[in-house]
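Worksheet: the structure to be examined is printed underneath.
Labels below follow one simple rule: chain letters A, B, ... track the order of the sequence lines, proteins then strands, and each chain is numbered from 1.
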Amino acid sequence: MYKFNLKQLNSLRYVGIELCHSFHSCLNSVSNVPPIYELNRNLNGLWKSGQLDEARQMFDKMYERDDFTWNTMIAAYAHSGRLDEAKQLFDETPNKCSITWSSLISGYCRYGCETEAFYLFWQMQYEGQKPSQFTLGSLLRMCSSNSLLSRGEQIHAHAIKTQFNSNAFVNTGLVDMYAKCSCIVEAQYIFEATPDRKSHVLWTAMITGYSQSNDGLRAIKCFRDMQAEGVVSNQYTFPSVLTACAAVKARRFGAQVHGHIIQTGFEANMFVESALVDMYAKCGDLNSARRALETMEGDNVVSWNSMVVGCVRQGFEKEALLLFKKMHARDMGIDDFTYPSVLNSCASIKDMKNAKSVHCLIVKTGFEDYKLVSNALVDVYAKGEDLCSAFEVFNHMTDKDVISWTSLVTGYAYNGSHEIALKLFCEMRLVGVEPDQIVIASVLSACAELTVLEFGQQVHANFMKLGLESTLSVDNSLVAMYAKCGCIEDANEVFNLMRIRDVITWTALIVGYAQNGKGKDSLALYNEMIVSGTKPDFITFIGLLFACSHAGLVEQGREYFESMDKVYGIKPGPDHYACIIDLLGRSGKMNEAKELLNQMDVEPDATVWKALLSACRVHGNLELAERAAKALFELEPQNAVPYVLLSNIYSAAGFWDDAARLRRLMKSRGVCKEPGRSWIEMNSTVHTFMSEDRSHPKTEQIYLKIDEIMIMIKEAGYVPDMNFALHDVDEEGKELGLSYHSEKLAVAFGLLFVPQGAPIRIYKNLRVCGDCHTAMKFISRVFQRHIILRDSNCFHHFREGISKTKGLVSFKSGVAKRMDDTPQLQVKVISSSSFSLMLEENLEVKYWIRASSGVVAKEA
DNA sequence: CTAGGGTTAG
């Protein structure tokens, strides 16, 4: 009698041919025992419904086993992660076919056992079995999820050799592997080289690849090509393309996709639902997001998480908290994504009370060791100015990643501890954590704030070496850093290379030009910005008005000031008033300045009064000067400047008694003038000088150089201005005292030790003295040097005997913060101390110096 | 009996 083999039997079943009873009896010697294919099916059903051990019992009881039986049992163990048992069974298998090998290999791949999987892959071929598309697919999946690029390339090579390289299934694996290993170009190449592109899985892998490599537009385009080629989407495709829509804020296209989802009936899928909520939320359409959330059947944590994030991003922190409370009440399995989002909303409104409650809940539910959660805790404590708690959470983390460090670094920077932020960055590098764009942007902002050019340059170099693609935030921070460090050309270069610019980019450079004495360039850039379609903001106008006041452009300044509210709806703040009052004061329009002061609809702050007082010094308006000084005595009781200025105004007007009275008042109130200090950074060491300072190891050489300088610049026409000398010494003493001002000692040091051709960069904690300013002009000409002097107000560039900067008003020495998450462009000009970190080429801290004291404080 | 693609984060 004819006997069917198993394969034939199965194909008969699959084409629907019912086997008659007589066939059964021929196939099985005992007539009431079910045929083996049925037993195999039962075996398969058992483990797939989770009854693995029952499956094994059945396997053991079977008196007859065929290849199917063995393979099914191996696959069952392999799939469930019981790899040892799978291997044991595999070894016992009498007849190993390709499927036997693939089943075991797929198990090792699924659980990331790279060595075992690849060993079996090799052994299989050694024993004469050819890997199939299944084998290659499994291996590629492992390479993809574990980012094993070179292993993946090996498989790719194997696929080419064995002519699998136009196999749609293998190519899907390759596209996914290359995409996940961030080789999007290779992924695209494989995709395009695939002849048969009817598989929706292949398309989905490509769309996801684009979407996850931050190329939302390409992902969307790919999705459209897929539609055009008539390939239908499914529950895997939609989330992917929706993520891309969210990333590029393509709400309209996203809504069209939504329509398509409803048409094809995939809206009930959890992943699709979540992606929809997320897409609407990220596009700022919270109403649609809410509607999508409400129409869902059952609770889906991911969708709720997306909704919480959406609310936070749109500035509805309170609603985010309410949503969280609802989630908690509904007991919907709050996870490690929920906590970061809700902590985020606490962070942005500094709601520390709720933050602490959430922290308690985290501890209670055992989520404190989740990295995302701890990172968010560090962030919320740092933003809430509780740096101790931030540091404590950070210290307890076992696995700190770049985000953990970033949270702490930005936290310290946010609270004004820029030096600590930089130090932490160095520590991060020391423990071997690679920076990313976000921490780089943050650190560069801190460099800008401290005007530590060398450090900033090293961070820039470090960033270039990392080979990361730049981002808008990084570029913006670079522009701001170079501009604030007086390297306006470098700032300009970064600016020119940028393909996308926003208001922060333009403003950084506008402010940069203004601070570096290029008022006209500042205004020209502003016009360019308007032409480019970018709207100015609060800070743009500070830069612009600062530029006008420095360039003496009264009319333009007035116009810009007027346009703020009228055209752009930006209400002027104290900083704007300070600039405009300075502008008016400088051109002698004291009455107008006074009028403006009285019209102000915000409370004048110290900056405004300082601008006014400075103007009074030039134009001698006693009444206004007294009013301004009095206000300053209250606002900044420890600041000596208003005392000195007012006293000088009295002297100039001949009111000697009043001048003396003020000096006495200052003394009796214990207000001291901050001593002038100048410093120069050279080879990562800071050389600090006080007036008539003799503590520097090279003192003798420096003083000899000063004598030489004085002789040479006097020959060139320099006349010492005794008004800037001390009063109680004779003429000769006065002149000598002038010669030994801290900035002159610094410039002498610079002339001696800074190589010819390199600019001499001097920093001063106070405003540069008038006589030194004149002397610098002569020195730059006589010694053919470019001197850049940064004082408490701005940068002075001396070249060929000309100073490019004349400044009177200082930016408010507070910090202007933007309300969004971009790096802050801060208008604070200086801190009175500077410092330097000694770095090796690979950015390791060697030692840490505080310039203000000149002491090496820490060795690492 | 073996295989591939998806959502939420600083």
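- Distance from the side chain of A:Arg141 is smallest to B:dA3 among B:dT8, B:dG10, B:dA3.
- With respect to A:Ile74, the side chain to side chain contact (heavy atoms under 4.5 Å, CB included) criterion is satisfied by exactly one of A:Ile99, A:Thr69, A:Leu89: A:Leu89.
- Between A:Lys282 atom NZ and B:dA9 atom P there is a gap of 4 Å when expressed in whole angstrom units.
- At least one side-chain nitrogen or oxygen of A:Asn44 sits closer than 4.0 Å to the OP1 or OP2 atom of B:dC1.
- Between the side-chain ring of A:Phe271 and the base of B:dT7, no stacking contact exists by the 5.5 Å and 30° definition.
- If you take CE of A:Met142 and P of B:dG4, they are 12 Å apart, rounded to a whole angstrom.
- Side-chain N/O atoms of A:Asn269 and base N/O atoms of B:dG6 include a donor-acceptor pair closer than 3.5 Å.
- At a cut-off of 3.5 Å, with distance as the only test, no side-chain donor of A:Ser407 or A:Asp379 sits close to an acceptor on the other residue.
- A salt bridge does not link A:Asp176 with A:Arg141: none of the charged nitrogens is closer than 4.0 Å to a carboxylate oxygen.
- Counting to the nearest Å, the P atom of B:dG10 and the OH atom of A:Tyr370 are 18 Å from each other.
- Note on A:Gln212: a side-chain N or O is less than 4.0 Å away from OP1 or OP2 of B:dT7.
- Within the nucleic acid shown, A:Gln235 comes within 4.0 Å of at least one base atom, counting heavy atoms only.
- A:Ser240 contributes no side-chain N or O that forms a donor-acceptor pair with the base of B:dG5 under 3.5 Å.
- Contact annotation: A:Arg313 reaches the phosphate of B:dA9 (side-chain N/O to OP1 or OP2, under 4.0 Å).
- Within 4.0 Å (heavy atoms only), A:Thr338 reaches no atom of the nucleic acid at all.
- Contact annotation for A:Thr243: backbone-only contact, meaning every heavy-atom pair under 4.0 Å involves sugar-phosphate atoms and none involves a base.
- If you check every strand for non-hydrogen atoms under 4.0 Å, A:Val402 touches a base.
- Relative ring orientation between A:Phe134 and A:Phe169 is described as tilted, the plane-to-plane angle lying within the 30° to 60° band.
- Regarding contacts with the backbone of B:dG6, a side-chain N or O of A:Lys180 is found under 4.0 angstrom from either OP1 or OP2.
- As judged by a 4.0 angstrom heavy-atom cut-off over every strand, A:Thr204 is placed among the base-contacting residues.
- For the pair A:Arg151 and A:Phe118, the cation-pi criterion (under 6.0 Å, within 45° of the ring axis) is fulfilled.
- Residues A:His258 and A:Phe238 keep their aromatic ring centres 6.0 Å or farther apart.
- Proximity note for A:Ala75 (side chain, C-beta onward) versus B:dT8, B:dC1, B:dG5: the nearest is B:dC1.
- The side chain of A:Phe134 sits closest to B:dT2 out of B:dC1, B:dT2, B:dG10.
- Using a 4.0 Å heavy-atom cutoff across all strands shown, A:Arg110 reaches sugar-phosphate atoms only and no base atom.
- To the nearest angstrom, P of B:dT7 lies 22 Å from CG of A:Asp299.
- Atom P of nucleotide B:dG6 and atom CG of A:Asn234 are separated by 11 Å, given to the nearest angstrom.
- A:Ser103 comes within 4.0 angstrom of sugar-phosphate atoms only, judged by non-hydrogen atoms across all strands, and of no base.
- Of the candidate nucleotides B:dG5, B:dA9, B:dA3, B:dA3 has the atom nearest to the side chain of A:Ser138.
- In the model, A:Ser240 has no side-chain atom that pairs as donor or acceptor with a side-chain atom of A:Ser211 under 3.5 Å.
- Side-chain atoms of A:Ser144 stay outside donor-acceptor range of the base of B:dG4, with no qualifying N/O pair under 3.5 Å.
- Relative to the side chain of A:Thr208, the nucleotides B:dG10, B:dT2, B:dG5 differ in distance, and B:dG5 lies closest.
- The residue A:His200 sits close to a base: some heavy atom pair falls under 4.0 Å.
- Closest to the side chain of A:Ser274, out of B:dT7, B:dA9, B:dG5, is B:dT7.
- Between A:Arg41 and B:dC1, a side-chain N or O to OP1/OP2 separation shorter than 4.0 Å is absent.
- With rounding to whole Å, A:Leu202 atom CG is found 13 Å from B:dG6 atom P.
- Regarding A:Asn375, its CG atom lies at a distance of 14 Å from the P atom of B:dA9, rounded to whole Å.
- Nearest to the side-chain atoms of A:Asp379 among the listed nucleotides B:dT7, B:dG6, B:dG10 stands B:dG10.
- In the set B:dT2, B:dC1, B:dT8, B:dT8 carries the atom at the smallest distance from any side-chain atom of A:Asp278.
- The aromatic ring of A:Tyr236 stacks onto the base of B:dG5, its centre lying under 5.5 Å from the centre of the six-membered base ring with the two planes under 30° apart.
- In summary, A:Glu317 and A:Lys350 do not engage in a salt bridge, as defined by a charged side-chain N under 4.0 Å from a carboxylate O.
- Contact annotation for A:Ser106: backbone-only contact, meaning every heavy-atom pair under 4.0 Å involves sugar-phosphate atoms and none involves a base.
- Closest approach to the A:Val309 side chain among B:dA3, B:dA9, B:dG4 is made by B:dA9 (side chain taken as heavy atoms from C-beta onward).
- Atom-to-atom, CE of A:Met397 to P of B:dG10 comes out at 14 Å; the value is rounded to the nearest Å.
- For the pair A:Lys48 and B:dT2, the criterion of a side-chain N or O lying under 4.0 Å from OP1 or OP2 is met.
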